[in-house]
Amino acid sequence: MRRFLIAAVTILAIYSCDNNIADLGQNLIYTDTYMEVERYDLDQTYIVRLDSFPTSTLSTLTIGRIDDPTTGKTKATPYFQLYCTTWDANLSPTTTQAQYDSLTLNFTYQAKLAGDTTTLQTFRVYRLKDYPVIDLDDPYQYNTDFIPYATDSLLGQKSFYMQQDLMTPVGDADVPGPYILLNTDAGEALGRQLFDMMKNRSPIFGISSGGGSSTGGSSTDGGGNDVYKFMRWFRGLAIVPDDNNSFLGAIGASSSELFLRCHYHIGEAKHHFDMYAMTGSESGSFYTSTNIQHDPISTWTVEEPATDGESGSTKRPLQFMDTIAFTQTTQAVIQGLSGYMLRIKLPYIADGDGYRTIVKAEIILNTDYVENSDYPQAQQLGVYVMDTQGNIDYVLSDMTGENPIYGYFGQDPNDASQYRYTIDITDYYITMVESLITPQYQSMELIIGLPGTLFYNHTDKTRIINGVNSQSFQRAIFSELPVLNIYYADYN
């Protein structure tokens, strides 16, 4: 027993002289007495902009226009192509009593994205002059893709009080609201043309000889219909917001939520047939998209030399490879639809002290929060890692590689009147000091934006963010530099 005690005391003495954390392991209980915090102002923070993102893979389309004093003007114009796969059983060349009534564009309001719902908002419907052609290497439509429409042939227009007319729409079985009546001369002519084409079984519809009634729904019958034939002739529609609008919203993009309806009657009986938005199984959602035009305030522009030998310079909107230093603007913004994000360079922390270990590492972004604002506050932020070429490489995750890292919105625990985002990057810095990070990633740069996933664009060989940014105006405004806090347990 005495020999055992001597041996135990000797072992304890040895460990008490060498308390390197690599030997102690991780089963320690840390107390405030041994806690040390190092704080880094992340002064290499820049404003960047995701200037291109897909809008054709979504269940909704964005519609409207706002003039935001923080970032500028944003205008969203949805495009969509139409198809019809079944004949109307009530209308044929022998139906002599059928009389055309009207043509309506029916849509389903989904949500407010930003702006004022109490003022009158005007929308105009035009026929597209072209339709998108699928690129198999890049089968998406982007916010920057513009399809010309016939501005000289207005089909119809309507003004809505969004809160009254869209949020609580009133309609009937024949004309479910909300809708836009296409009753201009061009709209009337188009409606009568579609009515005559359906009545006379025009081959332009691409409907097979076995097609049945179209009043029962939008599903294809598998009978060899060429859904693209009508699209190539009709080309599609655009819903264009007025330049005085002050609202952004989302409408449904499925064939049951967005369709053109031709109304007619036979005697006292009302009838209709529909042409549906090309979504889902008909086209892989390629033929519905939103063109988003952003005209920024001067803060979010960059100067470039004038071309054609002219003197001076011109200002243009930020592109992805452009940066504006936070220290230059003293303000930064993350915002959907316009694509604003932050680019932050993190400091490299070497393993210079074996007597302390990282307990926690977090980025703090204090935000200018306004309660009940017309512009929704982002509740989460996505975190992406840049490669050495300045492109987005991957979504930052924890040590397992399975759980993405997010920035979470909440109150400052020390001041309930202040709000901030907290990004826990403990795993990254623990890996760094254990020298498990290769040299090219020791000066890692992050992109902080709205949450999303990445897909590979085969055309320009880059990764594109697809997610909240494409269908939301959520944002966060910052007037202070981000801060990195690293908490250590110290054993000296």
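- Heavy atoms only, all atoms of each residue included: Tyr79 and Ala238 are closest at CD2-CB, 3.8 Å.
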- Task: Would you sort out whether Phe478 and Phe326 count as a ring pair (Phe, Tyr, Trp, His ring centres under 6.0 Å), showing the intermediate values?
- Result: CA-CA 9 Å; Phe478 310 97; Phe326 190 107; 7.8 Å; no
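- Taking the six-membered ring for Trp and thresholds of 30 and 60 degrees, Trp233 and Phe230 have ring planes inclined between 30 and 60 degrees apart.
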- Take Thr95 and Asn90, measure what side-chain contact (heavy atoms from CB on, under 4.5 Å) needs, and give me the verdict at the end. CA-CA 8 Å; Thr95 314; Asn90 297 308; over 6 Å; no
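- From Met444, atom CE reaches atom CE of Met386 across 12.0 Å, with rounding to the nearest 0.5 Å.
- In this structure, Asp145 contributes its side chain and Asn291 its backbone to no donor-acceptor pair below 3.5 Å.
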- Does the side-chain contact (heavy atoms from CB on, under 4.5 Å) test come out yes or no for Ile364 and Thr422, once each step is laid out? CA-CA 5 Å; Ile364 302 296; Thr422 304; 3.7 Å; yes
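- Below 30°, between 30° and 60°, or above 60°: for Tyr264 and His271 the angle between ring planes is below 30°, a parallel geometry.
- Using a 4.5 Å heavy-atom cutoff, the side chains of Thr108 and Ile251 are not in contact.
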- I would like to know whether Gln319 and Val302 meet side-chain contact (heavy atoms from CB on, under 4.5 Å); could you show each step before the answer? CA-CA 9 Å; Gln319 297 174 356; Val302 294; over 6 Å; no
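- Taken from CG in Leu260 to CE in Met275, the straight-line distance is 4.5 Å, to the nearest 0.5 Å.
- The salt bridge (Lys or Arg N to Asp or Glu O under 4.0 Å) test applied to Arg316 returns Glu304, Asp322, not counting sequence neighbours.
- Looking only at distances, no side-chain donor or acceptor of Asp196 sits under 3.5 Å from a matching main-chain atom of Gln193.
- Every residue meeting the salt bridge (Lys or Arg N to Asp or Glu O under 4.0 Å) condition with Arg343, not counting sequence neighbours, appears here in chain and number order: Glu445.
- Using modelled atom types, one side-chain atom of Ser56 and one backbone atom of Gln141 make a donor-acceptor pair closer than 3.5 Å.
- Between the CD1 atom in Ile180 and the OG1 atom in Thr122 there is a gap of 10.0 Å [rounded to 0.5 Å].
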- Query: Where do Asn200 and Ser202 land on the side chain to side chain donor-acceptor pair (under 3.5 Å) test, with the steps shown first?
  - Reply: CA-CA 6 Å; Asn200 294 305; Ser202 170; over 6 Å; no
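- When each of Leu365, Ile448, Ile47 is paired with Ile334, the side chain to side chain contact (heavy atoms under 4.5 Å, CB included) condition holds for Ile448 and for no other.
- Looking at Arg49, its side chain does come within 3.5 Å of a backbone N or O of Leu318 through a donor-acceptor pair.
- Taking OH from Tyr140 and OG from Ser289, the interatomic distance works out to 14.0 Å, rounded to the nearest 0.5 Å.
- Residues His294 and Tyr340 place their aromatic rings such that the two centres sit under 6.0 Å apart.
- The main-chain N or O of Phe53 is found under 3.5 Å from a side-chain atom of Asn143 such that the two form a donor-acceptor pair.
- Without hydrogens or angle criteria, Thr184 side chain to Leu154 main chain gives a donor-acceptor distance under 3.5 Å.
- With 3.5 Å as the limit, one finds no donor-acceptor pair spanning the side chains of Gln110 and Thr60.
- Residues Cys262 and Gly191 approach most closely at SG-O, 3.9 Å, considering heavy atoms.
- The shortest non-hydrogen separation linking Phe80 to Leu128 is O-CD1, 4.5 Å.
- One finds the OH atom of Tyr179 at 11.0 Å from the CZ atom of Phe107 (value rounded to the nearest 0.5 Å).
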- Query: Can you list the steps and then say if Tyr428 with Ile405 is a side-chain contact (heavy atoms from CB on, under 4.5 Å)?
  - Reply: CA-CA 10 Å; Tyr428 169 74; Ile405 300 296; over 6 Å; no
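- For the salt bridge (Lys or Arg N to Asp or Glu O under 4.0 Å) condition, the pairs that include at least one residue of residues 178-194, sequence neighbours left out, are Glu188-Arg192.
- Side-chain atoms of Arg127 never come within 3.5 Å of backbone atoms of Arg235 as a donor-acceptor pair (strictly under, hydrogens ignored).
- Qualifying salt bridge (Lys or Arg N to Asp or Glu O under 4.0 Å) partners for Arg124, counting only residues two or more places apart in sequence or in other chains: Asp242.
- Heavy-atom minimum distance, Ser479 versus Gln331: OG-NE2, 4.3 Å.
- Evaluation of the salt bridge (Lys or Arg N to Asp or Glu O under 4.0 Å) rule for Glu257 yields no partner, not counting sequence neighbours.
- Remark: the backbone N or O of Leu42 is paired with a side-chain donor or acceptor of Thr45 at under 3.5 angstrom.
- Side-chain contact check for Thr301 and Ser298: no donor-acceptor pair (N or O, by modelled atom type) lies under 3.5 Å.
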- Task: Go through Arg232 and Asp226 one step at a time and tell me if the salt bridge (charged side-chain N to carboxylate O under 4.0 Å, His left out) criterion holds.
- Result: CA-CA 11 Å; Arg232 289 189 288 267; Asp226 182 359; 3.2 Å; yes
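- Here the side chains of Gln474 and Leu450 are in contact, with some heavy-atom distance below 4.5 Å.
- None of Thr119, Thr118, Asp67 except one satisfies the side chain to side chain donor-acceptor pair (under 3.5 Å) rule with Ser246; the exception is Thr119.
- Rounded to the nearest 0.5 angstrom, Tyr406 OH and Ser397 OG are separated by 10.5 Å.
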Result block: side-chain N/O donor-acceptor pairs under 3.5 angstrom for residues 374-381, not counting sequence neighbours:
| unit_1 | atom_1 | unit_2 | atom_2 | d |
| --- | --- | --- | --- | --- |
| Gln377 | NE2 | Thr367 | OG1 | 3.3 |
| Gln377 | NE2 | Tyr421 | OH | 2.9 |
| Gln379 | NE2 | Gln377 | O | 3.2 |

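- Judged purely by atom type and a 3.5 angstrom limit, Thr290 has no side-chain atom pairing as donor or acceptor with the backbone of Pro78.
- Between the side chain of Asp427 and the backbone N or O of Met399 there is at least one donor-acceptor pair closer than 3.5 Å.
- In this structure, the side chains of Pro178 and Lys158 stay at 4.5 Å or more apart for every pair of heavy atoms.
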- Any chance you could lay out the side chain to side chain donor-acceptor pair (under 3.5 Å) test for Thr62 and Gln471, step after step, and finish with the verdict? CA-CA 7 Å; Thr62 305; Gln471 55 187 332; over 6 Å; no
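- Between Tyr83 and Tyr276, the two ring planes are tilted [angle within 30° to 60°].
- Heavy-atom minimum distance, Phe205 versus Leu194: CZ-O, 4.2 Å.
- A cation-pi contact, defined as under 6.0 Å to the ring centre and within 45° of the axis, is absent between Lys112 and Phe247.
- The closest side-chain heavy-atom distance from Asp424 to Tyr408 is not below 4.5 Å.
- Nearest heavy atoms, Leu337 versus Leu113: CD1-CD1, 4.4 Å.
- Asp68 pairs in a salt bridge (charged side-chain N to carboxylate O under 4.0 Å, His left out) with only one of the listed residues (Lys75, Arg475, Lys73), which is Arg475.
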